[in-house]
Number of protein chains: 2
Amino acid sequence: MVRLTTVMREEHDEEEYLASYDPRAFPPVAVTVDVVALTIRDGGLHVLLVRRGVPPFQGWWALPGGFVKAGVTVDEDLQHAALRELTEETGESPNRFHLEQLATYGAPDRDPRMRIISVAHLAFAPELPEPRSGGDAAEAAWIPVDSLGLDDGEQLPGAAKRLAFDHAQIISDGVERARSKLEYTPLATAFTGDQFTISELRAVYETVWGERLHTGNFHRKVLSVPGFVESTGEMTESGGPRGGPKARIYRAGDARLLHPALLRPTTEDEVR
Amino acid sequence: MVRLTTVMREEHDEEEYLASYDPRAFPPVAVTVDVVALTIRDGGLHVLLVRRGVPPFQGWWALPGGFVKAGVTVDEDLQHAALRELTEETGESPNRFHLEQLATYGAPDRDPRMRIISVAHLAFAPELPEPRSGGDAAEAAWIPVDSLGLDDGEQLPGAAKRLAFDHAQIISDGVERARSKLEYTPLATAFTGDQFTISELRAVYETVWGERLHTGNFHRKVLSVPGFVESTGEMTESGGPRGGPKARIYRAGDARLLHPALLRPTTEDEVR
DNA sequence: GGAATAGTGTCTGTAAGACATTATTAG
DNA sequence: CTAATAATGTCTTACAGACACTATTCC
């Protein structure tokens with residue numbers, strides 16, 4: 001045990017010595033920041049993807065992302081880098097959206113070129129205009145998550161789009177994180193506009209969770225959680241598109257956590 | 001918006017072109033893996049720390065960690081790198097422990113030498129022997145978390161040990177993650193031996209959460225959650241050190257999530 | 001014996017889910 | 001008018017927390 005510790009210490013001394021005098025002496029590892037940006041369009045969950053114009057995976061769809069900039073001119077935080085990727089691709093920065101770190105992916109063979117470690121981020125955004133792409137190969141678009149044929153990170157053969165690198169896994173992890181976050185945070189409001197009705201909020205839950213919810217119980221539950229939503233005092237101009245009375249309009253409250261939480265109906269008797 | 005997208009695409013093409021032909025052309029970013037290893041000793045939560053023998057932060061305490069190895073000879077996964085750091089410092093690999101990714105820290109100024117991005121991991125281990133340190137400057141030890149004077153990631157002036165880099169923040173995040181994980185996973189058993197009594201399991205919760213729990217309700221609750229623990233059919237040889245009857249002995253069950261969850265008593269009416 | 005503990009029983013308040021009901025709007 | 005929906009009411013079941021109690025063991 002002592003021996004191992006000593007070996008390790010010498011190893012570190014060596015590396016740190018090199019580090020302080022010659023940064024280029026490091027093993028070639030690059031760091032990228034990728035963003036899983038989720039939004040709801042046409043009643044379905046969509047993810048922002050870009051089509052790769054160069055190898056590797058040329059022509060395949062991939063998450064927006066880029067290398068972390070380091071140096072004397074630019075030296076940005078990881079969160080800032082993710083924000084930059086997001087606003088570049090969406091074209092405009094939504095005034096209300098959520099951005100958090102998801103996880104870091106660093107399997108040695110995840111990029112055929114070299115060792116690339118990706119710090120993935122997760123974003124929730126309200127509906128944004130389609131990112132108009134130029135006429136050439138590279139393009140960006142909101143893609144329905146359902147069309148990707150994700151199954152526990154593995155992309156199934158019948159998928160409409162082929163995903164580059166391990167991005168199927170990253171998207172799968174991001175969606176699962178989103179589903180979980182809706183349970184104990186008020187972040188569902190990040191998918192809606194600044195003002196929303198309880199029905200619109202319920203539609204967010206139903207879309208992300210992929211399940212129908214009981215309208216009455218959901219309504220009462222949302223209003224009973226302190227700080228989730230607060231009434232604007234206003235009502236919608238008209239009723240719903242298929243009938244029904246005018247609805248009260250709410251905005252997001254000041255709670256950062258939902259207590260008690262809104263648990264998913266089918267927790268499927270926990271994973272064994 | 002189209003303009004921005006085009007700019008970004010060209011930028012990526014450029015970087016990817018360089019990447020495929022000259023990895024050394026990248027901005028100098030290094031990647032380390034740090035481990036927040038938690039265990040319970042003498043009724044208190046402890047974290048594994050090493051004392052730095054070289055600048056920067058020479059003589060300060062830091063998390064065990066090291067640079068990610070990349071290259072033709074060694075090319076390890078992030079999880080594998082974290083496992084290596086953990087076993088090197090603890091001297092022996094516990095047969096039952098938990099290791100997960102915590103978060104990635106990449107503030108530009110977190111290391112004075114260069115841009116270093118740290119992928120932090122979190123480990124739960126049963127009580128292990130003290131890592132015997134050599135006689136010189138560098139040493140490793142289990143340090144009580146309470147003695148670090150952590151307060152929301154900031155280390156308070158009166159702390160017994162000074163922590164290098166942003167490791168106070170990382171430990172703080174790790175402890176909070178641990179507290180949360182005990183709520184909805186059966187990972188409290190990773191802190192105990194292979195066999196344990198309900199009282200020992202309760203002691204884990206009380207130590208990590210820093211709160212006394214109701215013995216009777218905890219007992220009934222643990223047994224009511226499917227798959228949390230299963231009885232070995234055995235009893236302890238003797239009663240508790242301060243009296244009481246012999247206790248039944250349990251082992252970890254096959255559940256991966258607790259349903260329903262064991263929520264902390266003082267959820268403090270959610271953070272606003 | 002006295003104190004502490006394992007394990008169980010009981011009661012109450014809260015919350016989730018199922019179901020019902022009323023009022024209001026679109027078509 | 002008919003269908004759909006917003007919002008509220010009611011009932012049942014589950015569970016968390018408080019409290020009580022018994023049996024067992026250490027000192």
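Throughout, a chain's letter reflects where its sequence line sits, starting with A, and its residues are numbered from 1. Side-chain atoms are counted along with the backbone in the values below, which use heavy atoms only and exclude waters and symmetry mates. Since the structure is predicted, the reported quantities are computational estimates derived from the model, not experimental observations.
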Nearest to the I198(B) side chain among dT25(C), dG7(C), dC15(D), which nucleotide is it?
dG7(C)
Of all the choices, dG7(C), dT25(D), dT10(D), which nucleotide is nearest to the side chain of R220(A) once you look at every atom?
dT10(D)
Between NZ of K246(B) and C1' of dT5(C) the distance, given in whole Å, is 14 Å
Under 4.0 Å, heavy atoms only, any strand: does G239(B) hit a base, just the sugar-phosphate, or nothing?
sugar-phosphate
Base, sugar-phosphate or nothing for R248(B)? Non-hydrogen atoms, less than 4.0 Å.
sugar-phosphate
Without swapping roles, check the side chain of T207(A) against the backbone of A203(A) for a donor-acceptor pair under 3.5 Å.
yes
Under 4.0 Å between any heavy atoms, over every strand shown, what does G243(B) touch: base, sugar-phosphate, or nothing? Just pick one.
base
P245(B) side-chain proximity, nearest of dA23(D), dA15(C), dG7(C)
dA23(D)
R202(B) atom CZ is separated from dG7(C) atom P, nearest whole Å, by 10 Å
Between the side chain of R177(A) and the main-chain N/O of L102(A), is any donor-acceptor distance below 3.5 Å?
yes
Between E100(A) (side chain only) and A123(A) (backbone N and O only), is there a donor and an acceptor less than 3.5 Å apart?
no
Between dG9(D) (P) and L223(A) (CG): distance, integer Å:
12 Å
Grab the CE-P distance between M235(B) and dG7(C) for me, whole Å please.
6 Å
Per atom distances to the N217(B) side chain, the nearest of dC19(D), dG17(C), dG7(C) is dC19(D)
Nearest-nucleotide comparison on DNA chain C, the residue closer to the 5′ end among S238(A) and G216(A)
G216(A)
Counting heavy atoms from C-beta on, name the nucleotide in dA15(C), dA7(D), dT25(C) closest to the side chain of H219(A).
dA7(D)
Would you say a side-chain N or O of H214(B) is under 4.0 Å from OP1 or OP2 of dG17(D)?
no
Give the rounded distance in Å between these two atoms: CD of E200(A) and P of dT5(D).
14 Å
Can you measure F218(B) atom CZ to dC15(D) atom P for me and round it to whole angstrom units?
17 Å
Hey, does T215(B) reach any base, or is it just sugar-phosphate, or nothing, if we go heavy atoms under 4.0 Å?
nothing
How about D34(A) and H167(A): do any of their side-chain heavy atoms sit closer than 4.5 Å?
yes
F124(B) vs H98(B) aromatic rings, parallel, tilted or perpendicular, using cut-offs 30° and 60°?
tilted
Side-chain N,O (R242(A)) to OP1/OP2 (dT5(D)) below 4.0 Å
yes
Hey, does S224(B) reach any base, or is it just sugar-phosphate, or nothing, if we go heavy atoms under 4.0 Å?
nothing
